[in-house]
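Just so we're on the same page: letters track the sequence lines, and every chain starts at 1.
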There are 2 protein chains.
Amino acid sequence: MQIQALLPQWLRHYRRDWLSGDLTAGLIVTVMLIPQSLAYAMLAGLPPEVGLYASILPLLAYALLGSSMTLAVGPVAVASLMTASSLTPLVAPGSPEYLSMAMMLALLSGVMLMVAGFLRLGFLAWFLSHPVISGFISGSAVLIAIGQLKYLLGIKFTSSGVLSTIDGLIRRLPETNIVTAGIGIAALVFLFFARTQLARLLKKAGVPASAAELVTKLAPMAAVILSTAVVASLDLNENAQVSIVGQVPAGLPTLSLSFPGWEALNALWVPALLISLVGFVESVSVAQSLAMKRAQRIQPDRELLGIGAANIASALSGGFPVTGGFARSVVNFSAGANTPAAGVISAVMMSAVLIGLTSWFYYLPHAVLSATIIVAVLGLIDIHTLKEAWQYDKADAIALLLTFSGVIVFGVEEGIVIGVALSLAVLVWRSSHPHMAVVGRVPGTEHFRNIERHQVETLPELVALRIDESIYFANAQLLEEKIESLLQQQPGTRHVLLILSAVNQLDTTGLGMLTELEKSLSARRITLHFSEIKGPVLDRLRGTSLGAQMKDRIYLSTHQAFKACSAS
Amino acid sequence: MQIQALLPQWLRHYRRDWLSGDLTAGLIVTVMLIPQSLAYAMLAGLPPEVGLYASILPLLAYALLGSSMTLAVGPVAVASLMTASSLTPLVAPGSPEYLSMAMMLALLSGVMLMVAGFLRLGFLAWFLSHPVISGFISGSAVLIAIGQLKYLLGIKFTSSGVLSTIDGLIRRLPETNIVTAGIGIAALVFLFFARTQLARLLKKAGVPASAAELVTKLAPMAAVILSTAVVASLDLNENAQVSIVGQVPAGLPTLSLSFPGWEALNALWVPALLISLVGFVESVSVAQSLAMKRAQRIQPDRELLGIGAANIASALSGGFPVTGGFARSVVNFSAGANTPAAGVISAVMMSAVLIGLTSWFYYLPHAVLSATIIVAVLGLIDIHTLKEAWQYDKADAIALLLTFSGVIVFGVEEGIVIGVALSLAVLVWRSSHPHMAVVGRVPGTEHFRNIERHQVETLPELVALRIDESIYFANAQLLEEKIESLLQQQPGTRHVLLILSAVNQLDTTGLGMLTELEKSLSARRITLHFSEIKGPVLDRLRGTSLGAQMKDRIYLSTHQAFKACSAS
């Protein structure tokens, strides 16, 4: 094998005309990434340089192994919140143990993702329905925004849970640091304006659309530069106790890993699993929807490897859990990224920042980072899915709202567990109450339709029931009850015909129920018939005692079954 | 409303010719119930009279509210084991608090069941698949049998977990009380012989079949009487330290209830929930299968009320969790019980025992009760379902084995949680990997079949895919990937036709995927078509943006869709 074969496909076949798009996208993403990586490190309870570390090697690792051409990997809001909420109960924020636990969390999560990738378990991500993910992300966004308000206003207190945070904010509102709050709120208003109005106004003023869009992406960086300049020139950290980022160590991270002990490992594996699940689902959804816009494809199992490697790289270089971010990926895509080379370029530029520019962040006020976080997460709140689900399917909408509330009331980890449980509960609830229709023949045809919707012919000695669902443990009982109640309504019945055209699966419980039913019916001199069994279901049924019993009473079409029942 | 209307239907319309069957069954069940109720109280870690108390009022409560004509309610092995395993970590067995916690467990469980009954949540019981229930019951049976060995052999030690029990048994085997072990093993051999051989031998010797069956049911009572006589006459409790039941207080239980405090309530609600679930599932399965043999019907929601009321009655009269038992119900049924009057008769006879005969149990050796338990639970071990599932459906068989092992390795409560999780995992696993078939037209017909199984006509610009599963969150992604990969294999495609005849549900996630797919295809100048959508799915789809978009591309039959695609 040549060394070339180890390189990813995009690199082996790199075309020169891709470079300008990748360069532009890499640059713009870097400009977004600098304030966001500092902010998300703060959100995770970590020193600012950790955010920068998590924005270098992970990008390279994903570029080597991932399958998306446009996903932008790095620190993201939800994973940072989950890091903070899983570590805070275990170890004091700010301590060296806290950092080593965060690295461990990234390592565990990375190993889990890569193992899942090798085992081809990408499908596990689909245990979460789209409405539940939407409710989870929106709930996390609200939680993050509320948690940042105290930094925005310069109020100092510790709290656990959203209610105690709100309570603390209200009671300590008089302690607001007016200067900090002024800077924070100004930044918030500016960023919000830039996000929602600036592009429109610039376009109206004659600026070309692409340039106008680009300018709005630079707004967070502008807020950083402006506020840093103001704080530095007026010495507001000394004169008005404005909380600032302070010393950020210069230089690239060193590769290292300390093992925090088995006890820590035991405490961290569940949070790591949840972060992996959420991070992967979030990342692969973005990657997928961007790929579809260009008729490209991503491979979920390779995404597991890519995101997993990115987390391991983050852990080894002093970082914390990372994944593909929604906003930065969209920017990367629209700025013209053609390949993961854009990510490589971002990583190189982030390295340059770490080597030469960390001193520039000294006077950067925390309040501006909080404003960046708040504006970023407000963009994650998704009302659209709720509206759509409410119109289309109330059960999904309720699952969304319960997950949303679960995250806010109980916390992110509990929220995601609630979400998985709700996804499954909705699924079982639906298929445990299947649609079933008693059918009759449309006169003069071979078609059979619901007797409640159509004028059809029926036979007094036949109950013909179409089951519009797979037969399995959660509905086998109900189906049996339905048949018994039909028999009570129609006492002269001599034949029961089950039309199985929509039965995609028949599990052992369902098979057991049908076997019992056949016995019980034949004891009452009623004959059971099946029609329109699907190939895979019939293949399996053949080997069973029920299959042997029913051999001559399985019909390809309902019409044949109907003729057989009326003849006998 | 007259007082009569409050009585259950069977009582209002009681027919004199039912009485002899009910009397016989009531008597035989009582003879089984006496040793079993003493034994299961011992298994639950409670004094013997508690088992007798739990065999009076609960039977009356069920007779008033339950819907089965033949279910025999009372203490059962699995619920007794679950009682012991949930209380032992909380409070010392034998203490008054232990008894009051056991009563509380019955009360909580009864209230939960009745609330579930009023809310019509009977369907929740079907969250457990039949193989998982089978694995759970078999695992519990093994656990119980191993746990009884030390009483059978007269070895004294405490242990937690099956491994420590086996370890203790082996290491302390030299401490075996030879006399106790002699009595215990003799009883075990006798009961086992009675269960498996006696009826056959008696019939061979010319005894009528029904009398032969009856005699085998009396074996446990015979073992009790014989062993009591031997121990009493030789004073083996004094002379050989054989552990005996001792003083059982005479007289009926008094109605009372003490509240053990909120902390206890908090510790008990999860075990109560699990006991309710297991007890209800076990009970309703027996009731259902017996009802079917006589073409009767049970109502799951009324069963919830009946079993719930029985547990509340047990709690109020000094008892512990009860439910419908498998073996006693089968005996009740075959002894000719026609109505719950059989249960009322058992209750009356149990009262008589409590008033007048408790002193007879003084010399009853514990080893014989253990033998009774072991023989009873060995009958619950179910190899048949495992064999059947192994042949029919490996996934179900694996779920059975994992639940079985889970119960033995981790314990009953963990086992049932593992079982529910496995039931759901198998369900999601199946429908997340749906069967899909690319189809073509059978020449000269309007039928469409799998291109891999049949010689069919296809069009070079059409991909026609039949999806044999509901489209929902767990498979939406896979379906999308399948379509993309088909498009890569067939680059000239201009039409994609999805045949939805087996799509019983389309959830919000599935709808979102199809909406995205439609957009992405039309951006590539490929047209999406649907055929054979089911009524309920189409009704919902009509109100959505996708429905509006697709309006003219939804066909009743695949044939029409095929014609439309080949024409354009």
Could you check which of [options] has the highest count of heavy-atom pairs closer than 4.5 Å to chain A?
options: Leu517(B), Val503(B), Leu424(B), Leu511(B); result: Leu511(B)
options: Ala476(B), Pro300(B), Gly535(B); result: Pro300(B)
options: Glu484(B), Glu388(B), His435(B), Lys519(B); result: Glu484(B)

For [X], which atoms come within 4.5 Å of any heavy atom of chain A: side chain, backbone, both, or neither?
X: Lys534(B); answer: side chain
X: Ser485(B); answer: both
X: Arg524(B); answer: side chain
X: Ser423(B); answer: both

Residues that Arg120(A) engages under salt bridge (charged side-chain N to carboxylate O under 4.0 Å, His left out), provided they are two or more places apart = Asp301(A)
key: With Glu518(B) via salt bridge (charged side-chain N to carboxylate O under 4.0 Å, His left out) - residues at least two apart   = Arg553(B)
inquiry  = With heavy-atom distances below 4.5 Å as the criterion, would you say the side chains of Gln288(B) and Glu480(A) are in contact?
reply    = yes
key: Partners passing ring-ring contact (aromatic ring centres under 6.0 Å, His included) against His433(A) (at least two apart in sequence or in another chain)   = Trp429(A), Phe123(B)
Atom of [X], atom of [Y] and distance for their closest heavy-atom approach:
X: Thr508(B); Y: Pro131(A); result: CB-CG, 3.8 Å
X: Arg453(B); Y: Asp539(A); result: NH2-OD2, 4.0 Å
X: Thr509(A); Y: His130(B); result: OG1-N, 2.8 Å

inquiry  = Please determine whether the number of non-hydrogen atoms from other residues, nucleotides or ligands lying under 6.0 Å from atom CG of Leu119(A) exceeds 12.
reply    = yes
key: Residues of residues 389-399 of chain B with any heavy atom under 4.5 Å of a heavy atom in chain A   = Ala389(B), Tyr392(B), Asp393(B), Asp396(B)
Contact origin within Ala523(A) toward chain B - heavy atom pairs under 4.5 Å = neither
Check against side chain to side chain donor-acceptor pair (under 3.5 Å), Gln299(B) and Glu481(A) = CA-CA 9 Å; Gln299(B) 295 161 28; Glu481(A) 284 166 26; over 6 Å; no
Chi angles and distances behind the side chain to side chain contact (heavy atoms under 4.5 Å, CB included) call for Asp507(A), Leu427(B) = CA-CA 9 Å; Asp507(A) 79 347; Leu427(B) 168 64; over 6 Å; no
